[in-house]
There are 2 protein chains.
Amino acid sequence: MNKNFAIENKLFTFVRKLSNNMTNSHQNMAKVFKALGSEQRLNLFKMIYYWEKTMDVNMCCGVEKAFSKACDCMNLSRSTISHHLKELQNANLLVCERKGQMLSCQVNKELLNDIKIFFD
Amino acid sequence: MNKNFAIENKLFTFVRKLSNNMTNSHQNMAKVFKALGSEQRLNLFKMIYYWEKTMDVNMCCGVEKAFSKACDCMNLSRSTISHHLKELQNANLLVCERKGQMLSCQVNKELLNDIKIFFD
DNA sequence: TTTATTGTTCGACAACTATCGAACATATTA
DNA sequence: TAATATGTTCGATAGTTGTCGAACAATAAA
């Protein structure tokens with residue numbers, strides 16, 4: 001009986017810590033999942049990842065056309081794409097940088113790794 | 001030039017496939033992330049996972065108290081917890097089963113593994 | 001310098017979501 | 001059988017989100 005009690009207390013502490021957002025990474029993870037939790041945004045993310053990888057392998061051009069490609073491929077307005085990109089950046093899944101006219105987006109691979117670790 | 005063109009076409013095909021939801025797993029993944037994309041729901045999920053694991057290790061009692069524990073630990077009403085649990089089940093992250101009065105919830109470990117694979 | 005291209009910001013709107021309390025159903029205990 | 005405990009379902013509500021088009025800013029090309 002006492003044993004059960006002790007375990008319940010441990011549980012309480014654990015959850016209280018979560019609920020009080022003592023754990024920063026918890027909040028961040030929720031943010032990441034939220035960002036990936038829209039089908040269109042997941043599309044966008046995968047597209048950029050795929051694009052980046054393909055470009056890399058073929059060494060023929062940069063990744064800075066991601067935005068306009070997205071507009072062409074997905075049936076969404078520019079403003080919507082811009083909005084979604086911002087969400088992905090905000091979750092730290094993408095790092096974007098202006099290059100002249102174009103926006104260059106890259107996937108944050110470290111975070112991808114963190115996510116895998118999270119699920120262990 | 002021609003090379004770039006071919007690559008762009010590949011990209012188009014890739015994204016169109018995503019957008020048309022030809023890939024079932026893509027849709028499912030978005031659902032999973034959406035479910036985990038709320039802080040409270042992530043709390044709940046982690047709590048159940050932690051609870052399950054602790055109980056397992058200590059072999060002292062079952063996991064069927066998850067619901068009431070959740071109500072105690074998190075500051076949410078029963079109906080809200082019920083709602084969130086349903087979302088998690090819907091995303092296939094939890095498998096719940098009634099045991100008498102109680103609801104027994106278990107984490108779907110296979111899916112956790114699928115998620116890790118997804119990030120490779 | 002004019003025009004075209006890329007992307008951002010804004011305001012609007014419909015759809016969705018988190019949360020609650022109340023009422024209910026089912027199972028356990030007295 | 002009456003009372004209690006555990007969950008579910010419903011309706012309401014406030015808040016958030018996805019999407020658009022229009023107006024704008026910055027850069028590139030004519």
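Note that this is a predicted model, so its numbers are computed, not measured. Throughout, protein chains are lettered first and strands after them, A, B, ... in sequence-line order, and every chain is numbered starting at 1.
The two residues A:Gln106 and A:Glu52 come nearest to each other via the heavy atoms CA-OE1, 3.4 Å.
Separating the NZ atom of B:Lys86 from the P atom of C:dC16 is a distance of 19 Å, rounded to the nearest angstrom. One atom, CD of B:Glu39, and another, C1' of C:dA18, lie 13 Å apart when rounded to the nearest Å. Atom CD1 in B:Ile81 sits roughly 14 Å away from atom C1' in D:dT8 (whole-Å rounding). Atom pair A:Leu103:CG and D:dT27:C1' shows a separation of 14 Å (rounding to whole Å applied). Going from atom CD of B:Gln89 over to atom P of D:dT9 covers 10 Å, rounded to whole Å. In this structure, A:Lys99 places its NZ atom 18 Å from C1' of D:dA26, rounding to the nearest Å. One atom, CG of A:Leu85, and another, C1' of C:dT6, lie 13 Å apart when rounded to the nearest Å. What separates CD of A:Glu97 from P of C:dT6 is a distance of 19 Å, to the nearest Å.
Residues forming a salt bridge (Lys or Arg N to Asp or Glu O under 4.0 Å) with B:Lys86 (at least two apart in sequence, or on another chain): none.
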Practice problem: Start with the C-alpha gap between B:Asn43 and B:Gln40, add the side-chain angles, then the distance that decides, and say whether side-chain hydrogen bond (donor to acceptor under 3.5 Å, both in side chains) holds. | Solution: CA-CA 5 Å; B:Asn43 269 349; B:Gln40 298 288 29; 3.2 Å; yes
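Aromatic ring centroids of B:Phe33 and B:Phe118 lie under 6.0 Å apart.
Applying the side-chain contact (heavy atoms from CB on, under 4.5 Å) test between B:Leu93 and each of B:Asn108, B:Ile48, B:Val32 identifies B:Val32 as the sole match.
In this structure the side chain of B:Phe119 never reaches within 4.5 angstrom of the side chain of B:Met29, judged on heavy atoms.
If you check distances only, the side chain of A:Gln101 does reach the base of C:dT5 with a donor-acceptor pair under 3.5 Å.
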If you restrict it to nitrogen or oxygen atoms, what contacts under 3.5 Å exist between nucleotides 14-21 of chain D and the protein, and what is each distance?
{"residue": "D:dT17", "atom": "OP1", "partner": "A:Lys34", "partner atom": "NZ", "Å": "2.8"}
{"residue": "D:dG18", "atom": "OP1", "partner": "A:Arg41", "partner atom": "NH1", "Å": "3.3"}
{"residue": "D:dG18", "atom": "OP1", "partner": "A:Arg41", "partner atom": "NH2", "Å": "3.2"}
{"residue": "D:dG18", "atom": "OP2", "partner": "A:Arg41", "partner atom": "NH1", "Å": "2.9"}
{"residue": "D:dT19", "atom": "OP2", "partner": "A:His84", "partner atom": "NE2", "Å": "2.5"}
{"residue": "D:dC20", "atom": "OP2", "partner": "A:Ser77", "partner atom": "N", "Å": "2.8"}
{"residue": "D:dC20", "atom": "OP2", "partner": "A:Ser77", "partner atom": "OG", "Å": "3.2"}
{"residue": "D:dC20", "atom": "OP2", "partner": "A:Thr80", "partner atom": "OG1", "Å": "2.9"}
{"residue": "D:dG21", "atom": "N7", "partner": "A:Ser79", "partner atom": "OG", "Å": "3.4"}
{"residue": "D:dG21", "atom": "O6", "partner": "A:Ser79", "partner atom": "OG", "Å": "3.1"}

